Structures are given as C-alpha cells and as structure tokens.
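Just so it is clear, the structure is predicted and the values come from calculations on it, not from any experiment. Just so you know, ligand 1 is whichever comes first in the structure, and atom 1 is the first atom listed for that ligand. Basis for what follows: all heavy atoms, side chains included, without hydrogens, waters or symmetry-related copies. Residue numbers count from 1 along this sequence.
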Amino acid sequence: MIRLAILISNSGTGTNLQAIIDAIENKTLKARIVTVISDKKDAYGLTRAGTHHIPTAICLAKEQLLPLLQAHKPDYVCLTGWKLIIPNDVLTIYSQRILNIHPGLIPDTIQGIVKNPDGTEALWNKGKFTDTAIQNFLTAKATYAGSTVHFLSNEFDFGPVLGRCFEKIQPNDTAETLYARLKKKENHMYVQTLKKLCNT
Ligand code: GRF
C-alpha cells in the first residue's frame with residue numbers, strides 16, 4: 001500500500017486532506033495516510049486527522065521536517081497549504097515525490113503560458129499565497145481562476161505539472177464565492193492525481 005504524508009497548515013481548513021481521507025475510506029484511492037504534519041498548532045486539519053485516528057505531528061521549524069518524515073517512510077509527501085520552506089535535503093531525498101497544490105495555472109515550461117478554456121492567458125500567480133492569489137484573479141479581471149498540482153522543484157511555484165483545474169469567474173464573484181467553488185475542484189483534482197500515482 002502506498003504511504004502518504006500530508007502536510008497542512010492553518011492557511012486552509014484541511015479540505016484537501018479530507019478529500020484524500022474520504023477517497024481512501026471509500027476505497028477508490030489505494031493508499032494509506034501515515035502521518036499528517038502541520039506547521040501550525042491551530043490547523044483545523046489536525047482535528048480532521050484526529051477524527052480519523054491518523055497520527056499527527058507539529059513541525060514549527062523546517063529542520064524538524066526530515067526526521068519527522070523519515071520516521072513514517074512515506075512514498076509521497078502531499079503539500080496542501082503548507083507554508084514552511086521545504087529544505088534542500090528533503091527536496092533531494094523525496095525528489096519527484098513531493099506534490100504541491102498552487103492556486104494558479106503553472107505552465108509546463110518556465111517560459112510557457114497556460115491557456116484558459118476560452119483561449120485567454122491563464123494566471124500563474126507565481127509567488128502569491130492563497131488569499132493574494134485568489135484576489136489576483138479578480139483584480140486582473142481574469143475570465144477563469146484555476147489551480148495546479150505539481151511536483152515540487154527548486155524553482156518557486158514550478159515543477160512537473162500533474163493536473164490543472166479551472167473555474168469560470170462569475171460577474172458577482174467575491175474572493176470568498178470564487179474560492180469556495182475552486183476549492184471543490186481542487187479537492188477533486190488532488191484525489192484524481194493521487195489515484196493516477198497510487199492505483200497501479
Ligand atoms: C489550497 O486552496 C491550496 O491552493 C493552497 O492552500 C489551500 C489549502 O486548502 N495552497 P485546504 O487546507 O486543503 O482546504
């Protein structure tokens with residue numbers, strides 16, 4: 001059974017974690033969550049993990065991450081709103097095995113541009129954290145918002161793309177209404193991506 005470590009924070013509410021838990025419990029995702037690690041003590045995802053009897057740990061300094069991971073021998077490390085820098089030793093040891101979800105459309109090449117479903121240029125939101133990124137879709141008057149699941153690399157908010165999702169922006173959207181719809185697509189996409197990696 002593929003072993004997953006899920007890395008969370010208080011920047012979200014653990015909806016991606018919950019989607020992964022649900023897919024494992026309904027047996028559509030063949031994997032096991034061996035640990036949930038949070039970089040903040042008040043992350044709601046810790047409560048979600050506790051409800052499902054999944055071991056949790058707090059990692060307040062980036063130097064603590066490698067030993068915490070190695071204790072659980074994960075095949076994949078899944079970042080869902082994690083905020084601490086991933087140190088180089090972790091990046092090297094888990095090369096092509098650390099997934100991240102970014103609220104922007106990451107291209108396949110560093111010079112590339114993703115197109116929205118209507119042919120307009122999609123926003124990468126490189127270097128923007130969640131709230132700023134969602135607001136940017138509205139401020140830039142984009143026609144679509146979107147998120148990307150990718151393997152982490154040395155380049156910030158870039159790396160081999162595993163999946164993208166789009167959400168059409170509605171005329172009366174606020175950051176809250178737009179993000180609520182995008183979140184549902186993110187949750188689905190993260191699980192679908194893991195199915196491709198784990199259900200072989
Ligand atoms: C996601 O929306 C992701 O795009 C961003 O952090 C959020 C985490 O959400 N990087 P959740 O905690 O999984 O609900």
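Checking E167, E186, Q170 one by one against R181, the side chain to side chain donor-acceptor pair (under 3.5 Å) holds for a single residue, E167.
Among N125, V149, I101, the residue whose heavy atom lies closest to atom 10 (N) of ligand 1 is I101. Of the candidates G81, P103, S147, G81 brings a heavy atom nearest to atom 6 (O) of ligand 1. With K128, R48, K183 as candidates, the residue nearest to atom 9 (O) of ligand 1 on a non-hydrogen basis is K183.
If you check which protein heavy atom lies closest to atom 12 (O) of ligand 1, you get G14 N, 2.8 Å. Atom 7 (C) of ligand 1 has as its closest protein heavy atom Y179 OH, 3.4 Å. The nearest protein atom to atom 14 (O) of ligand 1, hydrogens excluded, is given as T15 OG1, 2.6 Å; this is a heavy-atom distance. Among all protein heavy atoms, the one lying closest to atom 5 (C) of ligand 1 is T130 OG1, 3.3 Å. Closest protein heavy atom to atom 4 (O) of ligand 1: E186 OE2, 2.7 Å.
Side-chain contact annotation: S11 with T130, donor-acceptor N/O pair under 3.5 Å absent. For the residue pair N10/K83, the side-chain donor-acceptor check at 3.5 Å is satisfied.
Residue contacts with ligand 1, taken as heavy atom pairs separated by less than 4.0 Å, involve N16 via backbone and side-chain atoms alike.
Some N or O of T13 is nearer than 3.5 Å to an N or O of ligand 1, by distance alone.
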Please tabulate, for the side chains in residues 64-74, all donor-acceptor contacts under 3.5 angstrom to protein atoms that are two or more places apart in sequence or on a different chain.
from : atom 1 : to  : atom 2 : distance (Å)
Q64  : OE1    : L60 : N      : 3.0
Q64  : OE1    : A61 : N      : 3.4
H72  : ND1    : V34 : O      : 3.4

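Using cut-offs of 30° and 60° for the angle between ring planes, the F129 and F156 rings count as perpendicular.
From S147, atom OG reaches atom OH of Y190 across 11.5 Å, with rounding to the nearest 0.5 Å.
Ion pairing between a basic and an acidic side chain is recognised when a charged N comes within 4.0 Å of a carboxylate O; R48 and D22 show no such pairing.
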